Amino acid sequence: MLDQIHWLAVVTVLGVLEQAYFFLQVIYARRLFGIPPPKISGPPEFERIFRAQVNSSEYFPIFLALLWQAGLFFHQGLAAALGLLYLCARYCYFMGYKTSSSERLTPMYFSAGVLWILIAVSVLGILNFFLSHYVGLNILQLLTA
């Protein structure tokens, strides 16, 4: 069983480490700009870093759920590769937003596109599971034949 989920686990750990890095960036920005918790406003430079971290945190549970569904029901390797693309796009989003709010747009759209692909792959995999389990029709085999 573990050989069927090890890449998903690796991408999950990398995602958690990325989230930790984003959290640390907010802590450093708070110290740099003298913004004590629980304040969330300050100079635009601080607010961009704070918003980038919060936005990334908001999407992280969605990403994890889709990563694991796509990996378990469709294909672990494809899901893990898409997961790595998503994490790279989120890093670029964070770094771009840190620089300027307009610099976040391209990586934001790219990461949203990856999430949509993960949704499609998840739905296809789950649909295939139900059809093959209850109807005896394996649509993934039909697509690859």
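Quick caveat: nothing in here was measured; it's all calculated off a predicted structure.
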Would you please name every residue forming a side-chain contact (heavy atoms from CB on, under 4.5 Å) with W68, sequence neighbours left out?
I5, L8, T12, L72

Could you check whether Q19 and S57, counting side-chain N and O atoms only, form a donor-acceptor pair closer than 3.5 Å?
yes

Between CD of Q53 and CD of Q25, what distance do you get to the nearest 0.5 Å?
10.5 Å

Tabulate below the donor-acceptor pairs under 3.5 Å that side-chain atoms of residues 105-127 make, not counting sequence neighbours, or state none.
from	atom 1	to	atom 2	distance (Å)
S111	OG	P107	O	3.2
S111	OG	M108	O	3.0
S122	OG	L66	O	3.4
S122	OG	A70	N	3.3
S122	OG	L118	O	2.8

Where the side chain of R104 meets the backbone of S101, is there a donor-acceptor pair that is under 3.5 Å apart?
yes

S41 side chain reached by E47 side chain, heavy atoms, under 4.5 Å
yes

In this structure, would F60 and F23 fall into the same cluster of hydrophobic residues linked by side-chain contacts under 4.5 Å?
no

Polar side-chain atom of R48 near backbone of K98 as donor-acceptor pair, under 3.5 Å:
yes

Would you give the length of the straight line joining atom CZ of F63 to atom OG of S56, rounded to the nearest 0.5 angstrom?
11.5 Å

Of all pairs that satisfy side chain to side chain donor-acceptor pair (under 3.5 Å), the ones with a partner from residues 128-140, not counting sequence neighbours:
N128-N138

All heavy atoms of H6 vs all of Q76, minimum pair found to be N-OE1, 2.9 Å

From CG (L67) to CH2 (W7), nearest 0.5 Å
13.0 Å

Using a 4.5 Å cut-off between side-chain heavy atoms of Ile, Leu, Val, Met, Phe, Trp and Tyr, which other residues end up in the same hydrophobic cluster as L17?
V13

Other than F22, what residues sit in its cluster of Ile, Leu, Val, Met, Phe, Trp and Tyr side chains whose heavy atoms are under 4.5 Å apart, directly or through others?
Y21, V26, L32, F33, I35, I40, F46, I49, F50, V54, Y91, F94, M95

If you round to the nearest 0.5 Å, how far is SG of C92 from CD of E103?
11.0 Å

In chain order, what residues pass the side chain to side chain donor-acceptor pair (under 3.5 Å) check against S102, with sequence neighbours excluded?
S100

In the single-linkage hydrophobic clustering (I, L, V, M, F, W, Y; side-chain heavy atoms under 4.5 Å), do V10 and L85 co-cluster?
yes

same_hphob_cluster(Y59, Y93) at 4.5 Å side-chain heavy-atom cutoff
no

Rounded to the nearest 0.5 angstrom, the CD-OG1 distance for E45 and T99 is 10.5 Å

